[in-house]
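Structure record follows, encoded as structure tokens.
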Amino acid sequence: MKVLLVTGGAGFIGSNFIRYLLEESGYAGKVVNLDKLTYAGNLENLAGIAERFPGRYAFVRADIADGEAVEAAILTHGVDAICHLAAESHVDRSIAAPDDFIQSNVVGTFCLLELARKHRERIRRFHHVSTDEVFGSLGPEGQFREDTPYHPNSPYSASKAASDHLVRAYHHTYGLPVTVSNCSNNYGPYQFPEKLIPLLIANALEGKPLPIYGDGKNVRDWLYVRDHARALWTILQKGRVGETYNIGGRCEKTNLEVLEALCAILDKRAPRPGGSYRELKTFVPDRPGHDRRYAMDCVKLEVELEWLPEESFESGLDKTVQWYLSNREWARRVQNGEYREWIRRQYPL
Ligand code: NAD
Ligand code: TYD
């Protein structure tokens, strides 16, 4: 693996993954970051990377569904492996407007697979990054395993499930060298403040209400994003072709527990004049079709590939809060849309 194409590298997980690859993993090759720069793509997430790793990082602005542009990137840079993260990723947006989810997540993945098939002589690995949400919703007991039947409930999870099935089918039918990972909820630096944790931090610091959907007892499994990046690198190196791997933090929390933990850290690190951040908690109407509980059995990844999360929820959340406190300019530019202006000037489509 000398030239790795990372799709969606300007997003939250993609940018953390590229940073991990170049800064920490020991990977000696080149990374080509291919990203359409939707509202969720932000090249500030990778500020300084091109300068610090000359010749080992390239950026291509393209839509994964644009076969010609992606093929040109593959041939120009000599890509020999793909790690596919590009997707529309926010459940609430998928409920409001599912179209882009079908286009990018399903059609986009299909286009990439077609190119991987066409250039199978050079593409030696196609890793597809997916979510635990494809498995549906759990009751109070049990965990998702790799062989749990798919039961996606939102347009987002249905689009990811469709892409997972396509990836699997391209392995079964054409022998494409694929691996798939299904990961639980990530949190950490550079996460767009529409997802629960960065939204709560951003609102808290502005003294705005902290919205909790429904009764706040929905459960998610939380993983610090660097641990996800480590897992992806582990699977790229050691994962068995044709296999899928669950990734999770063994860290189930209700949304109310997440809010409590965040407020406790914020109360310590950035005390709010006039009382605890908890006082900003506001129950709002529930998300339609809101999945009750996700939980992951990750024994396969832990035993077969010897991966374990390094960060606890407490340490990961504290690092995350500290990062948002030290990077308020990043958050300000994301919230007021300034980062879009810069992208429009630098990379007109
Ligand atoms: P994100 O929304 O922060 O970033 C997505 C990136 O993909 C953006 O940079 C965006 O510009 C790019 N993109 C979107 N459509 C594109 C297209 N058609 N062509 C090229 N680029 C496009 O998402 P994220 O949270 O970093 O998630 C990355 C991947 O990980 C997704 O596939 C998501 O389903 C999966 N995942 C996310 C989580 C999580 O908790 N965030 C958990 C498990 C799996
Ligand atoms: P989210 O971060 O959108 O991730 P996902 O829906 O993919 O799990 O939401 C995480 C949980 O937090 C989910 O149960 C919905 C809930 N939530 C709120 O209660 N309030 C909010 O403002 C948001 C964005 C999410």
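Each ligand, and each atom within it, is numbered from 1 in the order the structure gives.
- At the shortest separation from atom 8 (C) of ligand 1 among protein heavy atoms lies Asp35 OD2, 3.5 Å.
- For atom 30 (O) of ligand 1, the choice among Val129, Val70, Asn42 with the nearest heavy atom turns out to be Val129.
- The aromatic rings of Tyr294 and Phe144 lie tilted to each other, with the angle between the two planes from 30° to 60°.
- Aromatic ring pairs are classed by plane angle as parallel below 30°, tilted from 30° to 60° and perpendicular above 60°; the pair Trp330 and Trp323 is perpendicular.
- Taking the six-membered ring where tryptophan is involved, the planes of Phe313 and Trp222 are tilted, since the angle between them lies from 30° to 60°.
- The residues Arg220 and Asp291 are annotated as not salt-bridged, no charged nitrogen and carboxylate oxygen being separated by less than 4.0 angstrom.
- For atom 13 (N) of ligand 1, the nearest non-hydrogen atom from the set Ala86, Gly41, Gly14, Cys183 belongs to Ala86.
- For ligand 2, the polar-atom distance check finds no N/O of Leu199 at less than 3.5 Å from any of the ligand's N/O atoms.
- For the ligand labelled ligand 1, residue Ser15 lies outside the 4.0 Å heavy-atom shell.
- The distance from ligand 2 to the heavy atoms of Ile212 drops below 4.0 Å at these ligand atoms: 19 (O).
- Between Gln191 and ligand 1, not a single N/O pair is under 3.5 Å apart.
- At a 4.0 Å heavy-atom cut-off, ligand 1 touches Lys160 through the side chain alone.
- Evaluated for a side chain to side chain contact (heavy atoms under 4.5 Å, CB included) with Tyr277, the options Leu205, Leu259, Leu200 yield exactly one hit, Leu205.
- Heavy-atom distances between Gly9 and ligand 1 stay at or above 4.0 Å for every pair.
- The option from Lys195, Arg287, Arg292 that lies nearest to atom 9 (O) of ligand 2, judged by heavy atoms, is Arg287.
- Remark: among candidates Phe12, Tyr39, Tyr190, the nearest residue to atom 3 (O) of ligand 1 is Phe12, based on non-hydrogen atoms.
- Residue contacts with ligand 2 for Asn185 involve side-chain atoms from C-beta outward but no N, CA, C or O (heavy atoms, distance under 4.0 Å).
- For atom 5 (C) of ligand 1, the candidate residues are Gly8, Ser184, Ala87; the nearest heavy-atom contact is made by Ala87.
- Atoms of ligand 1 lying under 4.0 Å from any heavy atom of Asn185, numbered from 1 in the order shown and given with element: 40 (O).
- Taking a cutoff of 4.0 Å between a charged side-chain nitrogen and a carboxylate oxygen, Glu71 and Lys118 qualify as a salt bridge.
- The nearest heavy-atom contact from the protein to atom 16 (C) of ligand 2 is Asn255 ND2, 3.3 Å.
- Residue-to-ligand polar distances place Gly11 within reach of ligand 1: an N/O pair is separated by less than 3.5 Å.
- By the 4.0 Å N-to-carboxylate-O rule, Glu260 lies close enough to Arg278 to be salt-bridged with it.
- Nearest to atom 17 (N) of ligand 2 by heavy-atom distance, out of Tyr187, Phe283, Tyr213, is Tyr213.
- At least one N or O atom of Ser89 sits closer than 3.5 Å to an N or O atom of ligand 1.
- Counting only heavy atoms of the protein, atom 36 (N) of ligand 1 lies nearest to Ile13 CD1, 3.9 Å.
- In this structure, Phe12 has its ring center no closer than 6.0 Å to that of Phe192.
- Proximity of Ala65 to ligand 1, defined as any heavy-atom pair under 4.0 Å, is not found for any part of the residue.
- Nearest-residue assignment for atom 7 (O) of ligand 2 (options His90, Arg93, Glu133, His290; heavy-atom criterion): Glu133.
- In Val258, neither the side chain nor the backbone holds a heavy atom less than 4.0 Å from any atom of ligand 2.
- Residues Thr282 and Pro211 are not in side-chain contact: their nearest non-hydrogen atoms beyond the backbone lie 4.5 Å or more apart.
- Within ligand 1, the atoms closer than 4.0 Å to a non-hydrogen atom of Thr38 are 10 (C), 11 (O), 14 (C), 15 (N), numbered from 1 in the order shown.
- Of the polar atoms of Lys36, at least one N or O is found under 3.5 Å from an N or O of ligand 1, judged by distance alone.
- Checking only distances, Ser130 never comes within under 3.5 Å of ligand 1, N or O to N or O.
- A heavy-atom separation below 4.0 Å is not found between Thr7 and ligand 1.
- Note on ring orientation: taking the six-membered ring where Trp is involved, the planes of His128 and His84 are tilted (angle from 30° to 60°).
- Tyr174 carries Arg117 over the face of its six-membered ring, with the cationic atom under 6.0 Å from the centre and within 45° of the normal.
- Numbered from 1 in the order shown, with element, the atoms of ligand 2 that lie under 4.0 Å from a heavy atom of Glu194 read 24 (C).
- Donor-acceptor pairing under 3.5 Å is recorded for the side chains of Tyr213 and Asp92.
- Counting only N and O atoms by type, the side chains of Asn218 and Asn255 include no donor and acceptor under 3.5 Å apart.
- Both tests pass for Arg93 against the ring of Tyr39: distance under 6.0 Å to the centre and angle within 45° of the axis.
- Arg19 and Glu23 are joined by a salt bridge, as a carboxylate oxygen and a charged side-chain nitrogen come within less than 4.0 angstrom of each other.
- Counting protein heavy atoms only, atom 2 (O) of ligand 2 is closest to Leu196 N, 2.8 Å.
- Salt bridge status for Glu133 with Lys160: absent, with no side-chain N to carboxylate O gap under 4.0 Å.
- Between Pro211 and ligand 2, an N or O atom pair is found at a separation short of 3.5 Å.
- The nearest pair of heavy atoms linking Val258 to Leu196 is CG1-CD2, 4.1 Å.
- Tyr156 counts as a contact of ligand 1, since one of its heavy atoms falls under 4.0 Å from the ligand.
- Using a 4.0 Å cut-off between heavy atoms, Leu37 contacts ligand 1 through its backbone alone, with no side-chain atom that close.
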